[in-house]
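Both backbone and side-chain heavy atoms feed into the values below; hydrogens, waters and symmetry mates do not. Quantities reported herein were computed from a predicted structural model and do not represent experimental measurements. A, B, ... follow the sequence lines: proteins, then strands. Residue 1 opens every chain.
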There are 2 protein chains.
Amino acid sequence: MLKLTRKLEYALIALRHMQDKGDTFISAKEIADMYLIPQELLAKTLQQMVKLNYIKAAQGPHGGYRVRKGLTEISMTQFMEDLEGPIGIVDCNINAECIQLENCNIRLPIKKINSNIRAIFNEIRVGDITS
Amino acid sequence: MLKLTRKLEYALIALRHMQDKGDTFISAKEIADMYLIPQELLAKTLQQMVKLNYIKAAQGPHGGYRVRKGLTEISMTQFMEDLEGPIGIVDCNINAECIQLENCNIRLPIKKINSNIRAIFNEIRVGDITS
DNA sequence: TTAAATACGACTATTTAAGTCGGGTATAAC
DNA sequence: GTTATACCCGACTTAAATAGTCGTATTTAA
C-alpha cells in the first residue's frame, strides 16, 4: 500500500549517481553493477528518461548517459507522473470509472487526502533527492 | 503507484454508512448491496475490524455491525496500519532487507518523504472521513 | 572489423491485491 | 426444535500490476 515503484527508485538512484559524476557519460552497466540493479530494467528506465529529455544518451563505446541541466528543478510530481502515470490513491481520482461513484460516501475526503499527497511531491524537486 | 487498497476503501465506506445509521446493527449484505462491494470481501474486512475492536458485531437474524464510540478519534495512520500493515513508500523503510542498503544514495531523502506522508495521515482522524 | 554501448519491443515471472468458496457457530422467530 | 439470517474463519482461486528477461538492431570509438 502506498508504495513507490522500483522503476522510480532506480531512476532516482541513477540520476543521483550521474549527477555526482558531472558531465561524463555513465553507462547503465556501471550503475547497475554498483547498486545491484537489474541492468536491462535500468536500461529501459534510462531510455525512457532520454525520451523525456531528462537525460542525454551517447552511443558507442564510452557512451552512456548524463543528466541534462534543469532536470533538478522539476517537481517530483511531474517526474513521477512522467514515468509512471497519474498519482491517485484511489482509481476514481484518475479514470472516474468506478461503479460506486454516485453512491460513494467517502469521495470528497479521499480526494482531499489525494491532493495533500500531491502537494508533498509538488514541493519536492528532483534535485532535492539527487543532489 | 501510491494506491490505497480496496479493503481500506471498503472499510471506510462501511464505517461511514454504519455511523450514519447510529446504534442499529447493519449487516454486511446491506452495505455490500448498497455500494456494490463484493459481500464476502467486505465481510472479512468487517470481521477484521471486530477483532481490532473498531466495531461491534451481533450474530443471528437482525444482527450486523455497529461502530464503537471512540473509533472516530483514531488516526488514519493507525487505522491503515492496523488493517494493512506498515506504511512505507519503499521497502527499506519497513523491513530493512534491501540489497542496496549500504550503497543506496537516496535513502535519506526518501525517508523524509515517507515521514511527510505519514504525517498527513497522522493528522487525519477516521472520523474526518466517516462523518 | 570488433567490441561496447544504447534502442526497443516482445515476452515471462513474480508478487500482491482482489475475490470466492465451504463449512462452522450464534440467535431470533415461529 | 426447526428454520432462516447473519457472523466467523480459513483455504483457495483469479486477476492485475510490477518486475525482470531476452533477442535483435543500431551506433560509434578504437
Worksheet item: Are B/Y10 and B/Y35 an aromatic pair by the rule of ring centers under 6.0 Å?
Response: no
Response to the item:
Atom CE of A/M49 and atom C1' of C/dT6 are separated, to the nearest Å, by 14 Å
Discussion item. Counting only side-chain nitrogens and oxygens, does A/Y10 get under 4.0 Å of the OP1 or OP2 atom of D/dG20?
Written reply: yes
Practice prompt. Could you tell me whether B/E81 and B/R118 have a side-chain N and a carboxylate O separated by less than 4.0 Å?
Written response: yes
Worksheet entry | Pairing partner (Watson-Crick or G-U wobble, both distances under 3.5 angstrom) of D/dA30 | C/dT1
Worksheet item: To the nearest angstrom, how far is A/Q39 atom CD from D/dA19 atom P?
Response: 19 Å
Fill in: Closest-nucleotide 5' rank along DNA chain D - winner of A/P38 and B/V50
B/V50
Item to complete: Name the nucleic acid region contacted by A/Y65, choosing base, sugar-phosphate or nothing; use a 4.0 angstrom heavy-atom cut-off, strictly under.
Response: sugar-phosphate
Worksheet item: Which nucleotide sits closest to the side chain of B/K29: D/dA6, D/dG20, D/dC8?
Response: D/dA6
Practice prompt. Give a yes or no on whether the backbone of A/L83 and the side-chain of A/K7 come within a donor-acceptor separation of less than 3.5 Å.
Written response: yes
Worksheet item: Between B/K3 and A/G88, is there a donor-acceptor pair closer than 3.5 Å when you use the side chain of the first and the backbone of the second?
Response: yes
Dump every N/O contact between nucleotides 10-15 of chain C and the protein below 3.5 Å, one line per pair.
from: C/dA10; atom 1: N6; to: A/K44; atom 2: NZ; distance (Å): 3.4

Item to complete: Can you tell me the distance, in whole Å, between the CD atom of B/Q48 and the P atom of D/dG10?
Response: 12 Å
Discussion item. Side chain of B/K51, heavy atoms from C-beta onward: which of C/dA7, D/dT21, D/dC9 has the nearest atom to it?
Written reply: D/dC9
Worksheet, complete the sentence: Considering only heavy side-chain atoms of A/E40, the closest of D/dC22, C/dA5, C/dA17 is D/dC22
Worksheet item: What is the minimum heavy-atom distance between A/D82 and A/Q48, and which atoms define it?
Response: O-NE2, 3.8 Å
Discussion item. Categorize B/A28 for me: base, sugar-phosphate, or nothing, with a 4.0 angstrom heavy-atom threshold over every strand shown.
Written reply: sugar-phosphate
Worksheet item: When the distance from CE of B/M80 to P of C/dA17 is rounded to whole Å, what number comes out?
Response: 12 Å
Fill in: Earlier contact from the 5' end, DNA chain C, for A/A57 and B/L4
A/A57
Discussion item. When you measure from the side chain of B/D128 to the backbone of B/R125, do you find a donor-acceptor pair of N or O atoms at a distance under 3.5 Å?
Written reply: yes
Practice prompt. Report, as yes or no, whether the 6.0 Å neighbourhood of atom CZ on A/R16 holds more than 12 heavy atoms from other residues, nucleotides or ligands.
Written response: yes
Worksheet item: What integer distance in Å separates A/L42:CG from D/dT21:C1'?
Response: 14 Å
Discussion item. In whole Å, I'd like the distance from the CG atom of A/L41 to the P atom of C/dA7.
Written reply: 15 Å
Pairs under 3.5 Å (N/O, protein and nucleotides 24-28 of chain C):
from: C/dA26; atom 1: O4'; to: B/Q59; atom 2: OE1; distance (Å): 2.4

Worksheet entry | Donor-acceptor pair, side chain of B/N103 and main chain of A/M34, under 3.5 angstrom | yes
Response to the item:
In whole angstroms, the gap separating P of D/dA17 from NZ of A/K7 amounts to 14 Å
Worksheet item: Do B/I106 and A/I37 belong together in a cluster built from hydrophobic side chains that touch within less than 4.5 Å?
Response: yes
Worksheet item: Nearest-Å distance, CD (B/E30) to C1' (D/dT5)?
Response: 14 Å
Worksheet item: For A/D23, which of A/R68, A/K56, A/K69 qualifies under salt bridge (Lys or Arg N to Asp or Glu O under 4.0 Å)?
Response: A/K69
